[in-house]
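Take a look at the structure set out below.
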Number of protein chains: 2
Amino acid sequence: MNALTPLPEATVVPMAGDCALLPDHALFVGLCAAEQERIAQTFSIHRFNDGAPILLDGAPMVGVIQSGALARVSRSGIGMQTVGLLLCGDLVSPAGPRTSGVLAMALDRTAIFGTSAEHFRALLREVPRLQLNYLDLVATELQATRGWYTMLGRKTAPERVASLILRLSRQSIPGSEGLIDLLLTRDRIGSLLGLKMETVSRQIRAFSKAGVIEMHSPTKIKVLDKAALVRATGDIWRETSRL
Amino acid sequence: MNALTPLPEATVVPMAGDCALLPDHALFVGLCAAEQERIAQTFSIHRFNDGAPILLDGAPMVGVIQSGALARVSRSGIGMQTVGLLLCGDLVSPAGPRTSGVLAMALDRTAIFGTSAEHFRALLREVPRLQLNYLDLVATELQATRGWYTMLGRKTAPERVASLILRLSRQSIPGSEGLIDLLLTRDRIGSLLGLKMETVSRQIRAFSKAGVIEMHSPTKIKVLDKAALVRATGDIWRETSRL
DNA sequence: CGACTTGTTGACCTAGCTCAACAATAGTGG
DNA sequence: CCACTATTGTTGAGCTAGGTCAACAAGTCG
């Protein structure tokens, strides 16, 4: 699931103590006890601080986000572009053979249940069922990514911002009722959505003035009128009839 | 590889008669004779006419394009959007579990070496090596798609059109030296690139006037100055320094 | 030949970028 | 604690790429 993918409702059970070896995630469905055991031996929870690159001894990793959030950033020259956002329950994958400078970075204190890409490859060979699950996830992600970016290329600024807020609203700050953390500066939101910082700021303020959201601090907001936000994404009436 | 993916140099050997069972494609590398045999039993060449949906008895198919080209179109309501382009050597995959109204359509007389998605699934279970290859391809495609759309969201109209022409220039009409077929109407190119028909027309004409391309008919063009086109894609100096 | 699809061109308008000033916030060292 | 600086966010005033509307040309197919 890439940036803002609207589909996947996160379904992570927080490692229920002694009863389950693995979190409840699509990656692990349908595995027998022995297979689960094998995976549990290799996988473990890794924690990253805000801003830390998601690497295990300098190598990429594969896993499932348990808490926190990641940004996929791409370095080209001096500049840095945010090209994707991964939230709780999303699969972290090393983005294919050609990593091409794209790197995952923690946006918060983040816990990932996973292992190194290398070990994961070995696991895939050993556990065919895991391979099928992984393939499904990657294929689904491909589909979602395609869909998302196809829309993104055609969305207006307010539509993009609404989509992002909606995606983030799945993940509210624990405790504080409905309050969500944007996690990113205006500049990085812009980089993610293909907009300029100023435009992002204007759109967020516009939603605030319209009473759709409430701003507590620049990065902490609360959604007041979810229906309005959904409408603002423009996902429904995109019937611009093209041949 | 999705729409316009710039990377993948097609490497398809045209089923060299009796010596090779399978075409030379990344999907089939590293397979033993028995495995190749097994796959060759299931896979076969299917031909589609211009405009035909890529289906086998109404079901989606998986395969490798041998000649011709496909468009990925998405029906929403009445309208039809072109959301991707697959050329010779590209993998045709059923786009994940949720096909969500996206369908492949032949743009030309097109030959695909493949089988139904269902049979392919069975094959994957039988031939682990095929599964690994397929996983690699899907992961690579995911990566390429992500990269492509990330850029697309930020590219200007001339940059988008230049990218498309460059992608298509890999596939020149056999015989006619360097002449390429756009395969799509202006409207559909617009739909693919997120531009309006008029804008596409203007950009193509601009390239023509600048002497970068030569127009023989609206859909048949020849690239005169490839370097200029490459420059026009803006891929190189995209150092807009963002944090 | 006439009807229909596809492409071209011009005139205009608007969303979002650019530039620029300024406000709010968070550190930091005295 | 306060000044001092750096980062991040806000707001306004133009400017421009590309969308919109509209007329027309060029193929194309019966």
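Computed from a prediction, not measured in an experiment: that's the story for all the values here. Here is the naming used below: chain letters follow the sequence lines, and residue numbers restart at 1 for every chain.
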Whichever of B:Arg202 and A:Lys209 has its nearest DNA chain D nucleotide further upstream toward 5': A:Lys209
Presence of B:Thr199 side-chain N/O under 4.0 Å of D:dG19 phosphate oxygens OP1/OP2: yes
Protein-nucleotide distance (A:Lys155, atom NZ; D:dG19, atom C1'), rounded to Å: 19 Å
Euclidean distance, atom CE of residue B:Met215 to atom C1' of C:dT8 [Å, nearest integer]: 9 Å
Rounded interatomic separation in angstrom, taking CZ from B:Arg160 and P from D:dA17: 14 Å
Whole-Å distance separating the CD1 atom of A:Ile204 from the C1' atom of D:dG9: 10 Å
A:Leu103 CG to A:Ile54 CD1 distance, which is reported to the nearest 0.5 Å: 8.0 Å
Nearest to side-chain heavy atoms of A:Arg186, which nucleotide of C:dG7, D:dT10, D:dA13: D:dT10
Length of the CZ-P vector between A:Arg154 and D:dG18, whole Å: 15 Å
Presence of B:Ser201 side-chain N/O under 4.0 Å of C:dG7 phosphate oxygens OP1/OP2: no
Closest nucleotide among C:dA20, C:dC17, D:dT20 to the A:Glu198 side chain: C:dA20
Between D:dA23 (C1') and B:Met197 (CE): distance, integer Å: 13 Å
Side chain of B:Thr219 - closest among C:dG16, C:dG7, D:dG19: C:dG7
Crowding at CZ, B:Arg47 (>12 non-hydrogen neighbours, <6.0 Å): no
Nearest-nucleotide 5' precedence on DNA chain C, A:Pro218 against A:Gln203: A:Gln203
Spacing of CZ belonging to A:Phe48 relative to CG belonging to A:Leu70, to within rounding of 0.5 Å: 8.5 Å
For A:Leu56 against A:Thr115, the heavy-atom pair lying closest together: CD2-C, 3.7 Å
Euclidean distance, atom NZ of residue A:Lys196 to atom C1' of D:dT8 [Å, nearest integer]: 16 Å
Sugar-phosphate, base or nothing in reach of A:Arg205, heavy atoms under 4.0 Å: sugar-phosphate
Nearest-Å distance for atom pair CD1/P, residues B:Ile221 and C:dG7: 13 Å
Salt bridge flag under 4.0 Å for residues A:Asp181 and A:Lys222: no
